[in-house]
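Fair warning: this is a prediction, and the values are worked out from it, not measured in the lab. In the text below, chain A, chain B and the rest are named by the order of the sequence lines, each starting its count at 1.
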Amino acid sequence: MSLTTESSTNFWLTRPFSERSTQIFLGVLIAALALVTLLHVAVPADNPLHIGAYTVNLFGKYLSYALLAVAVDLVWGYLGILSLGHGAFFAIGGYAMGMYLMRQIGDRGTYGNPVLPDFMVFLNWDSLPWFWHGFDMAWFAFAMVLLAPGLLALVFGFLAFRSRVTGVYLSIITQALTFALMLAFFRNEMGFGGNNGLTDFREIVGFDLRSDATRLGLFLATGVALALGFILCRAIVTSKLGRVSVATRDAEARTRFLGYRVERFQLFVFVVSAMLAGLAGALYVPQVGIINPSEFSPIFSIEIVLWVALGGRATLYGAVIGAILVNYAKTIFTGVMPDAWLFALGAMFVLVTVFLPKGVAGLFRYFKRRKRDDTATSDPNADPNSTPKEASA
Amino acid sequence: MSLLHSLTQRDRVFDFMAPQASPVDVRHGPILYMEDVTVSFDGFKAINNLNLTINDGELRCIIGPNGAGKTTMMDIITGKTRPNSGSVWFGSRHNLLHMNEPDIASLGIGRKFQKPTVFEALSVFENLELAMAADKRIFPTLTARMTGEIKDRIDEVLETIGLTALRHQPAGILSHGQKQWLEIGMLLMQRPRLLLVDEPVAGMTEQEMERTAELLTGLAGKQSVVVVEHDMGFVRSIARQVTVLHQGSVLAEGTMDQVSNDPKVIEVYLGADDEEAA
Amino acid sequence: MRRFLSLGLLCLMLLSITVTAQAQTNSTASSTDDTAALELLEALDVESYTAKSEAITAILQSDDERARDWLQALLDGRLQRTEDGRFVLVLENRGRDWPVADVLTGEALGEMSRRDLERVGINNNLRNQLRSAIAVVDLYSPNVERRRTSAERLLGEVDSDLVQPINELIEQEEDDQVRYRLTQAVAIYRAEAGEMEGVEALDGSLHPRSRVALSRAANGDDPVVANAAAASLAGIEQQLKINRGLETLYFGLSLGSVLVLAAIGLAITFGVMGVINMAHGELMMLGAYTTWAMQQLLPGQPGLALILSIPAGFMVAALAGVAIERGVIQFLKGRPLETLLATFGISLILQQLVRTVISPLNRTVITPEWMSGSLVVNDALSLTLNRMYVLGFALVVFAGLMLIMRRTRLGLEVRAVTQNRAMARSMGIRATRVDIMTFALGSGVAGLAGVALSQLTNVGPNLGQNYIIDSFMVVVFGGVGNLWGTLVAGLSLGVINQVLEPWAGAVLAKIIVLVFIILFIQKRPRGLFPQKGRAAEG
């Protein structure tokens with residue numbers, strides 16, 4: 001992370017583009033998006049290389065998970081805050097999108113009510129609850145996708161960081177937060193469709209959600225969102241603020257003595273992360289066609305952390321790899337032998353934490369280093385463990 | 001209730017509305033003034049009616065046996081521990097008991113901890129960069145750029161502490177002595193008025209110790225420096241004024257010679273051991 | 001504990017008496033005067049309901065020992081007539097062919113097609129008459145338990161005809177409870193009839209039927225009586241409020257005791273080792289399944305199995321805990337967040353293991369007789385015994401842990417390690433061994449919690465998951481490393497939850513409690529009883 005400290009006098013947001021790792025990541029991502037598009041559109045359906053709409057949809061889902069994982073890695077990897085409640089921000093972003101999609105159904109629902117969603121008609125409600133107003137407008141709903149999770153993170157984080165609740169305590173209360181929200185959203189009275197959540201969506205900004213073209217579009221949009229989210233996070237972690245975060249992670253009291261208001265930095269990064277999680281949720285919902293309270297379940301939130309741990313924390317690209325790997329494995333397992341999935345997931349938790357604390361990204365670095373050590377070049381920015389040279393004068 | 005309270009305290013919510021922190025006022029006397037300070041943990045008085053005055057530009061050594069309250073005293077000055085009673089003033093204008101840790105730090109009190117704590121994952125250069133006196137609010141920090149001026153300042157400090165060659169190394173790989181110097185360097189980056197240095201030479205080699213003594217005496221005059229130390233030889237080599245703490249209060253004060261001839265001090269602390277150490 | 005046990009025994013004895021008494025009445029069918037009896041029954045089989053009513057009265061006055069069974073059969077629709085005119089008792093009216101018995105002799109007559117049988121019909125008026133009649137008949141029974149039930153059933157059923165005989169019965173009755181109920185029954189009749197005497201007698205009675213009678217009296221014509229009734233109603237409402245409060249408190253303490261049991265093991269492992277054991281809930285689950293397995297091993301002796309499950313559940317969970325500590329946690333020293341993730345993985349594996357090996361469905365754990373039923377305090381308050389046992393058990397476990405922590409070498413070492421691991425180690429305490437023992441102890445207590453929980457909730461793979469977050473809340477709320485804190489926090493959270501439930505609903509109450517704790521942690525990050533001093537600063 002010391003790569004650009006001295007050299008970069010440029011604008012903080014464009015700083016990541018001069019980084020080798022970001023260039024590779026963006027290159028791979030764009031190539032993958034292009035390849036999938038090509039194989040979906042240009043290759044005929046009977047060709048074995050053709051990628052069907054279902055698979056495109058699936059990849060889109062993975063990408064939204066990857067964005068969520070990047071958001072979690074930002075707070076866990078660089079700030080040392082293990083949030084077991086990021087599923088809540090994801091779900092709230094998803095609900096904001098779901099509410100917009102519900103309103104887009106209009107009078108095409110089962111009960112044909114032009115204003116009220118079906119579940120409200122079913123519950124004999126005669127008017128729209130106040131918090132549903134405005135969600136018929138795309139701009140408002142899309143703003144809410146970011147603002148609602150951001151606001152929750154702001155209030156929660158303000159209270160938590162102000163009282164210096166950190167470490168396992170913070171993990172536990174974030175878990176309690178998402179659990180409380182899950183219970184709340186299960187209630188019909190909350191006005192979010194209770195148990196069944198929001199579903200039966202028809203169209204998004206005028207495009208039919210069931211058409212292949214829309215699905216491809218959503219997939220690409222998610223890819224772009226992931227790229228932008230990644231760049232934003234990279235820009236943050238390579239800025240001085242990113243270094244303050246790492247300092248906070250490793251020695252919070254020391255950072256405070258340097259005159260940084262640690263709790264505000266924590267709050268800032270936490271809110272940004274929550275908004276990214278909300279965006280991921282909003283992209284996830286139209287692709288899977290449903291949002292329900294199970295997204296709030298504490299287990300889901302812990303699973304996100306596993307993706308990051310497996311990929312390798314504090315790398316950001318590791319989070320993307322982890323999210324895609326685990327979810328791909330999940331798709332395979334639940335298709336072939338569903339009973340074994342929880343065993344596999346549980347084993348992953350144990351094995352990764354015990355044997356692979358730096359994740360897949362750590363493996364990459366390890367092999368890269370071995371190769372470099374073989375060729376005996378020295379890099380001033382290398383990993384601490386690799387250069388014990390003139391240090392001990 | 002307290003939430004409401006902190007919201008209604010406008011200077012806490014809106015930084016820009018807070019009165020500008022005025023420079024330390026030392027026209028009317030000392031830079032640090034502690035009076036009748038008492039702290040107790042579960043009934044045990046770690047600090048008991050402590051009175052201490054540090055003048056501007058002074059290099060003061062504080063000695064005392066274990067449990068004399070040296071570390072707790074530093075905790076009070078930096079805002080980590082709140083005393084049960086007493087008053088602590090920085091210059092004649094700032095009541096430190098009404099301020100929190102970051103405020104005190106930005107006012108110009110720097111502290112070097114007993115155990116060196118540097119940010120091991122960051123490079124030596126970055127450690128100094130973070131310590132630098134700058135606008136430490138969020139957005140200025142996010143958009144901060146590395147200017148030539150800043151770089152020069154860091155280079156200058158790197159030179160002072162003798163770590164120029166290791167500027168790109170992660171702080172985690174430094175030796176113990178080097179970490180201590182880096183910490184002192186980080187303090188210097190803050191351009192502090194008052195430096196609190198806790199046992200700077202513990203675990204150092206003979207050469208490292210000499211180097212540290214040079215460093216500290218070189219700082220005095222520009223900054224006020226308070227050194228807490230066990231090593232009598234080291235204290236003798238740098239001290240002009242020495243304060244002896246015992247059971248949380250001042251036992252004796254004066255030059256090293258005056259203090260080491262004080263019968264009270266000999267009884268509780270120096271005794272025969274001092275002869276060996278000296 | 002002993003008192004609860006003897007209480008359970010008492011219940012058991014009473015129950016067995018009732019059973020034998022019933023068996024006797026069924027088998028002793030005296031054959032005297034069968035012709036007279038037949039006449040009485042014949043009189044029932046008439047068209048006119050008035051005539052039937054008279055026939056019922058005749059049976060009542062006949063002093064025949066079998067009268068009660070006949071009337072009960074008539075009420076249940078099981079008194080039927082065959083085509084050849086014999087009266088039979090239908091033993092079981094399911095399916096096409098019904099087993100029947102002779103009404104007079106009680107002799108089994110095999111099965112008969114239901115088409116060959118004709119029921120002796122009754123209407124609603126007769127049904128009411130029969131009910132109170134049977135109640136009165138039972139009042140003569142030598143079995144005190146039966147007299148009590150029937151006296152209770154009479155509340156609100158007394159009519160003008162019954163007042164006289166009941167008053168006579170009150171004179172003769174030896175049992176206080178029966179006499180109390182009978183007096184109350186008469187008072188209810190009187191109060192409803194607008195008599196001052198009845199209203200006065202009902203003052204302070206908590207039975208719902210008494211309140212009905214009083215509120216009717218309060219709406220009566222006589223202003224004096226109405227006022228008196230209204231006054232005593234207000235007093236009763238006050239009493240009821242207190243009782244409802246007590247009941248809420250009891251349920252709250254009961255829930256709290258479960259929380260304490262679930263959290264206290266966690267408090268030990270978390271407090272001593274700083275380890276977040278997410279598999280703690282699954283260790284509880286293992287304890288619960290141990291109880292189930294014990295009952296499978298000892299069929300027909302659920303009580304013995306339950307008692308044996310206490311040491312067995314402790315051992316199973318403790319061994320599992322040691323396996324987790326040695327297998328995973330020891331490799332993650334000083335990395336609490338990673339420990340959290342790894343133990344969460346273990347919890348998933350354990351859950352799925354139970355689903356695969358045993359069943360994804362809930363298993364039934366039988367509650368032994370001495371634990372079922374409830375302790376009736378008064379008409380408005382009865383306390384279920386199983387909850388009381390669990391409450392007692394939680395307190396015993398807590399006291400035991402306190403003893404271990406305060407009085408044993410292990411406790412001393414544990415406290416030393418909690419305060420300063422490095423220092424304790426340098427003083428010759430083998431921290432590794434302390435870790436293993438602590439983890440075994442904490443896990444074992446989780447097993448005990450599981451045994452207790454098996455008596456209150458369903459035993460299934462998700463049992464542990466449902467309690468893990470609550471347990472963490474209790475530990476954090478109480479203050480880490482403080483057993484008293486855990487006790488106070490658990491019990492108070494239980495009570496708060498129950499107090500909130502009536503007006504907020506169960507789910508909302510839980511949400512409120514969670515939000516409350518989240519806010520509380522902001523205010524006091526180290527819980528209700530934080531550790532003080534320098535050690536806690538770091």
Side-chain angles (χ1 to χ4, degrees), chain A residues 76 80-82 84-85 156 158-190 253 297-299 302-303 305-306 308-310 313 339-355 357, chain C residues 270 274-276 278-279 324 327-332 335-353 355-356 360 461 465 468-470 472-473 475-476 480 505-527 537-538:
Chain A
W76 188 31
I81 291 171
L82 177 57
L84 297 182
F156 181 83
F158 173 77
L159 292 171
F161 300 133
R162 192 185 58 133
S163 335
R164 303 192 188 169
V165 180
T166 47
V168 288
Y169 289 88
L170 191 71
S171 302
I172 292 172
I173 60 168
T174 49
Q175 189 177 35
L177 171 77
T178 192
F179 185 62
L181 282 170
M182 178 176 78
L183 294 178
F185 273 72
F186 266 125
R187 289 159 46 86
N188 280 330
E189 297 87 338
M190 277 289 284
S297 88
I299 293 185
I302 299 190
E303 242 187 88
V305 175
L306 174 72
V308 179
L310 181 82
R313 52 187 280 219
D339 282 352
W341 169 241
L342 278 183
F343 283 127
L345 187 66
M348 260 193 274
F349 270 107
V350 177
L351 297 176
V352 166
T353 46
V354 176
F355 296 110
Chain C
F270 190 23
V275 158
I276 295 280
M278 293 291 279
I324 294 173
V328 177
I329 293 175
Q330 65 155 324
F331 302 115
L332 299 172
R335 289 155 61 194
L337 298 181
E338 273 88 342
T339 315
L340 188 155
L341 294 179
T343 47
F344 180 74
I346 294 170
S347 82
L348 288 183
I349 295 175
L350 283 175
Q351 275 178 37
Q352 190 59 23
L353 204 64
R355 271 192 209 108
T356 316
Q465 219 186 325
I468 188 74
I469 291 181
D470 288 344
F472 275 128
M473 292 292 110
V475 174
V476 171
V480 173
V507 178
L508 204 56
K510 191 153 189 177
I511 296 170
I512 293 172
V513 168
L514 283 175
V515 171
F516 163 71
I517 295 174
I518 292 173
L519 292 177
F520 179 84
I521 296 301
Q522 327 289 349
K523 190 74 205 152
R524 301 188 63 167
R526 291 182 184 275
E537 295 272 312

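Both the backbone and the side chain of I521(C) come within contact range of chain A, with heavy atoms under 4.5 Å apart. At a 4.5 Å heavy-atom cutoff, the contact between W76(A) and chain C is made by side-chain atoms alone. For L332(C), the part lying under 4.5 angstrom from a heavy atom of chain A is the side chain only. The contact between I346(C) and chain A is made by backbone and side chain atoms together, counting heavy-atom distances below 4.5 Å. For L508(C), the parts sitting under 4.5 Å from any heavy atom of chain A are the backbone and the side chain alike. Neither the backbone nor the side chain of L350(C) has a heavy atom closer than 4.5 Å to any heavy atom of chain A. Only the side chain of Q465(C) comes within contact range of chain A, with at least one heavy atom under 4.5 Å from a heavy atom of that chain.
Side-chain atoms of I518(C) and F156(A), non-hydrogen and from C-beta on, do get closer than 4.5 Å to each other. Counting only heavy atoms from C-beta outward, the side chains of L353(C) and F343(A) approach each other to under 4.5 Å.
Contact record, S171(A) with L337(C): OG-CD2, 3.6 Å, taken as the closest heavy-atom pair. For the pair V350(A) and A342(C), the tightest heavy-atom approach, listed with the atom from each and the gap, is CG2-O, 3.5 Å. The nearest pair of heavy atoms linking P336(C) to V168(A) is CB-CG1, 3.8 Å.
In this structure, the side chain of R335(C) does not engage the main chain of P357(A) through any donor-acceptor pair within 3.5 Å.
Ring geometry, F270(C) versus Y169(A): the interplanar angle falls from 30° to 60°, so the pair is classed tilted.
Within the model, atoms CD1 of I299(A) and CZ of F344(C) stand 4.5 Å from one another, a figure rounded to the nearest 0.5 Å.
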